[in-house]
Amino acid sequence: MKNVYDVLKERGFVEQFTHEEEIIKLLGEESVTFYIGFDPTADSLHIGHFIQIMVMAHMQRHGHRPIALIGGGTTMIGDPSGRTDMRQVMTRERIAENGEKFKKIFEKFLTFEDGKAIMEDNANWLLDLNYIDFLRDIGKHFSVNRMLTADCYKNRMEKGLTFLEFNYMLLQAYDFYVLYHKYGCKMQFGGNDQWSNIIAGADLIRRKDGDSAYGMTFSLLTTSEGTKMGKTAKGALWLDPDKTSPYEFYQYWRNVDDADVQKCLALLTFLPMEEVNRLGALEGAEINRAKEILAFEVTAMIHGKEEAEKAEASAKALFEGGADAEIPGVTIKAEDLGEGLPVLAFLELIELVQSRSEARRLVQQGGIQIEDEKITDIKYEIKASDFVDGALLVKKGKKTYRQVRLEGDQ
RNA sequence: GGGAGAAUGCCCGAGUGGCUAAAGGGGGCGGACUGUAAAUCCGUUGAUUAUGUCUACGAUGGUUCGAAUCCAUCUUCUCCCA
C-alpha cells in the first residue's frame, strides 16, 4: 500500500510537520493512532472541518486509526489561535448539544466499527480537572516566555489576550497527553492555525514521558488570493442541509474561481490524482466541466448522491434551460395574494429579500424576473392567475432562483 | 488600586455644534461584459405607508433653537504605573 504521507502530500494537504523523516517512516511501518480535535463552537461543522475529516478518511483508508476528538472541554475556554477577538463564552449545555451534532457527521465519513476509529470528548477529562494538580503536573512544563513568542498569540499581543484564553494551549497539549496514554495516540493533526498548539502537545509528551510524539498540520482552505474559502453571504458554508441547502452547497463549488478548482478537487474529493490534474488543466469555458464534477462530488459526499443529482439537475435546468427541476421553493397561501399583491410585499413574503427597501432597489435595478419576465415597476402586482400550474419561478439577479407554489386555489 | 486614551453603519476608518443617514476603503447586492469564472466598468448598500417620516455614531441623563460632536454618570476595551 502506498504511504498515506505521499497521498496527503500529493493532494496538497500537508503544510508543516514536526519530524518529517520519522513521520514518513512511522506511517509506512505501522498502523498509527492519531487525533484531530474539533471544538463544537457552532451547531454544525463547516467546510473547514471537512478538510480535516478528509484527512481522517484518507488515513483510515490506509490502515491508520483516527480519533475524532470533540472539544467539549476546550470550547469552555475558546481557542485564541488565528482570532483577533475573544470567543463568546458559551454555556455548557450549548456545547454539549453541538457536540452531539458533530458526532453524527463524523459517523458519515468514518467507520467506527471494530475500533477502526474512536470518538472522544475532552470534556471527559477537562471539566473536572483540579487546578493545583494540573498546574503542578502540566503547567510546570510550559515556559511562558516561549508561549508568548508563539505565533498563535502574536496578533493577540496587540489586541489583548485574557488569561482564560492563554490557557487554551495547555489544555490542548494535555488532550494529546491523555490520548497518548489512553489510546497510544502518537500524532496530532490539525489546520495550520493549530501548529503552536500541536507542538505544545508533542513537546509535553516528550518532556513528561520522554516518548516520541508527532504533529502535522494541513492547509486551510483558501482561495488563490489567500482569503478564506467557504464563506457565503450568510456566513460559513455548513455541512448541515438545514443551514446550507444542498443546492446552495452545490452552487458554491460550481462557482469557485478557475484558479482554485484543481486544489479543491484534490482536497475535497477522492478522485484519483490523474483525473484531478486532467480536470484542473482544462482551459477557458472547458473548465466548467471540472467545476461541475467538483460540485457534484463534494455535494454527493456530504449530502448523498441523490441530493447531489437533484442539485445538479436543478442547476442545469436553470442555467441551461430545459426540464423542470427542484429549486429551492416556498409555498404561499392563496389568501396571501388576495386580489393582487404588490411585488415588494411579495418578494418579502417569499423571503427573497430582507426588507422592502431591498426589494425596491432590486426591482428598480432590474434584478427581479418572474417567469423570465423582467419586473421593473415597483407597483406591479402578483396575482393568482400569474401562476403556471400553481407555481411561479422568481429569479433574483443571475443566480438566485425561487420556486413559489400556491396553496389553496381560488 | 492610580493615571492616560478609545468606543462611529456588515467590517476598517474619517468626522470635534447646524451643509451628517454620516467622507473614503473593503465586503455585500444589482447591472454591463463573460464561461453560472476572474479582472474591469456602472449603479446601489438603515428602515418605512418614500421628494415625507422614523431610527441611528457604546448606555443613560443633561446643556443647546440644534449634538456623532459639549457636560455628567455608567459599561466595555487598550495603554502606562502599582
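In what follows, chains carry the letters A, B, and so on, assigned in the order in which the sequence lines appear, proteins first and then strands, with residues in each chain numbered from 1. Keep in mind the model is a prediction, meaning the values are calculated, not measured. Note: hydrogens, waters and symmetry copies are ignored here, and every other heavy atom, side chains too, is used.
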Problem - Nucleotide nearest A/R356 when distance is taken to its side chain, options B/G35, B/U49, B/A37 - result: B/U49

Practice task
Give a yes or no on whether the ring-centroid distance for A/Y247 and A/Y401 is below 6.0 angstrom.
Solution key: no

Fill in the blank from the handout: A/K398 has its side chain closest, among B/A32, B/G30, B/G35, to B/A32

Practice task
Give the ring-plane orientation class for A/F102 versus A/F106, where under 30° counts as parallel, over 60° as perpendicular and anything between as tilted.
Solution key: perpendicular

Handout entry: Whole-angstrom distance between B/U78 and B/G58, as gauged at atom C1'
Key = 15 Å

Problem - Side chain proximity check, A/D79 to A/T74, heavy atoms < 4.5 angstrom - result: no

Fill in the blank from the handout: Base-pair string, RNA chain B, Watson-Crick plus G-U, cut-off 3.5 Å on both distances, | for inter-strand, is ((((((((.[[[..)..(.....]]]((((((.......))))))(((...)))...[[[[[..)....]]]]]))))))).

Completion exercise
Rounded to whole Å, the CD-C1' distance (A/Q364 to B/G30) equals 12 Å

Exercise for the section: Could you measure between the two C1' atoms, the one in B/G31 and the one in B/U49, and give it in whole Å? Expected result: 29 Å

Problem - Reported CD1-to-CG distance for the pair A/I51 and A/N192, which is rounded to 0.5 angstrom - result: 12.0 Å

Exercise for the section: Indicate, with yes or no, if the rings of A/Y214 and A/F17 have centres closer together than 6.0 Å. Expected result: no

Exercise for the section: Counting heavy atoms from C-beta on, name the nucleotide in B/U36, B/A47, B/A37 closest to the side chain of A/A315. Expected result: B/U36

Exercise for the section: Using a 4.0 Å heavy-atom cut-off across all strands, classify A/V256 as base, sugar-phosphate, or nothing. Expected result: sugar-phosphate

Fill in the blank from the handout: Closest to the side chain of A/E348, out of B/C29, B/U48, B/C33, is B/U48

Exercise for the section: Return the value, rounded to whole Å, for the distance between atom CH2 of A/W253 and atom P of B/A37. Expected result: 17 Å

Exercise for the section: Classify the side chain of A/Q365 and the base of B/G31 as holding, or not holding, a donor-acceptor pair under 3.5 Å. Expected result: no

Handout entry: Minimum-distance nucleotide to A/A285 side chain [options: B/G35, B/U49, B/A32]
Key = B/G35

Problem - Validation row, ring centre A/F34 to ring centre A/H64 under 6.0 Å - result: no

Exercise for the section: Check the distance between B/A37's P and A/L294's CG and give it to me in whole angstrom. Expected result: 15 Å

Practice task
Using a 4.0 Å heavy-atom cut-off across all strands, classify A/I287 as base, sugar-phosphate, or nothing.
Solution key: base

Problem - P gap between B/A23 and B/C10, integer Å - result: 14 Å

For residues 365-379 of chain A, which side-chain donor-acceptor pairs fall under 3.5 Å, sequence neighbours excluded?
residue: A/E371; atom: OE2; partner: A/L393; partner atom: N; Å: 2.7
residue: A/D377; atom: OD1; partner: A/K379; partner atom: N; Å: 2.9

Practice task
May I ask you to verify if any side-chain N or O of A/K399 is less than 4.0 angstrom from the OP1 or OP2 atom of B/A37?
Solution key: yes

Problem - 5′-ward residue of the pair A/G284/A/Q369 relative to RNA chain B - result: A/Q369

Problem - Distance-only donor-acceptor test, A/R360 side-chain atoms vs B/A50 base atoms, 3.5 Å - result: yes

Practice task
Indicate, yes or no, whether a donor-acceptor pair under 3.5 Å links the base of B/U36 to the side chain of A/Q251.
Solution key: yes

Exercise for the section: Sticking with atom C1', work out how far B/G25 lies from B/U73, rounded to a whole angstrom. Expected result: 36 Å

Practice task
Measure from the side-chain heavy atoms of A/S357 and tell me the nearest of B/A50, B/U36, B/C29.
Solution key: B/A50

Handout entry: Length of the CD1-P vector between A/I378 and B/U51, whole Å
Key = 10 Å

Handout entry: Distance between C1' atoms of B/U64 and B/A7 (Å, rounded)
Key = 24 Å

Handout entry: Centroid-centroid distance, A/Y174 to A/F134, less than 6.0 Å
Key = yes

Problem - Euclidean distance for C1', B/C77 against B/G61 (whole angstrom) - result: 23 Å

Practice task
Grab the CZ-C1' distance between A/R254 and B/A37 for me, whole Å please.
Solution key: 8 Å

Problem - Between B/A47 and B/A21 - C1' atom distance, rounded Å - result: 11 Å

Problem - A/S355 side-chain N/O to B/U48 phosphate OP1/OP2 under 4.0 Å - result: yes

Problem - Gap in Å between the two C1' atoms, one belonging to B/A82 and one to B/C12, rounded - result: 35 Å

Return a table of donor-acceptor pairs under 3.5 angstrom between the side chains of residues 269-293 of chain A and protein atoms on other chains or two or more places apart.
residue: A/T269; atom: OG1; partner: A/L265; partner atom: O; Å: 2.6
residue: A/T269; atom: OG1; partner: A/L271; partner atom: N; Å: 3.3
residue: A/E275; atom: OE1; partner: A/R278; partner atom: NE; Å: 3.4
residue: A/E275; atom: OE2; partner: A/R278; partner atom: NH2; Å: 3.2
residue: A/N277; atom: OD1; partner: A/Q262; partner atom: NE2; Å: 2.7
residue: A/N277; atom: ND2; partner: A/M273; partner atom: O; Å: 3.1
residue: A/N288; atom: OD1; partner: A/R254; partner atom: NH1; Å: 3.3
residue: A/N288; atom: ND2; partner: A/A285; partner atom: O; Å: 3.4
residue: A/R289; atom: NH1; partner: A/E292; partner atom: OE1; Å: 2.8
residue: A/K291; atom: NZ; partner: A/V256; partner atom: O; Å: 2.9
residue: A/K291; atom: NZ; partner: A/D258; partner atom: OD1; Å: 2.8

Problem - Candidate nucleotides B/U45, B/A37, B/C29, ranked by approach to the side chain of A/R361 - the nearest - result: B/U45

Problem - Derivation of the salt bridge (Lys or Arg N to Asp or Glu O under 4.0 Å) call for A/D43 and A/K243 - result: CA-CA 9 Å; A/D43 58 4; A/K243 292 182 72 110; 2.6 Å; yes

Handout entry: A/K395 NZ - B/G31 P separation (whole Å)
Key = 8 Å

Exercise for the section: Rounded to the nearest angstrom, tell me the gap between atom NZ in A/K374 and atom P in B/G30. Expected result: 12 Å

Practice task
May I have the distance from A/N255 (atom CG) to B/A38 (atom C1'), rounded to whole angstrom?
Solution key: 12 Å

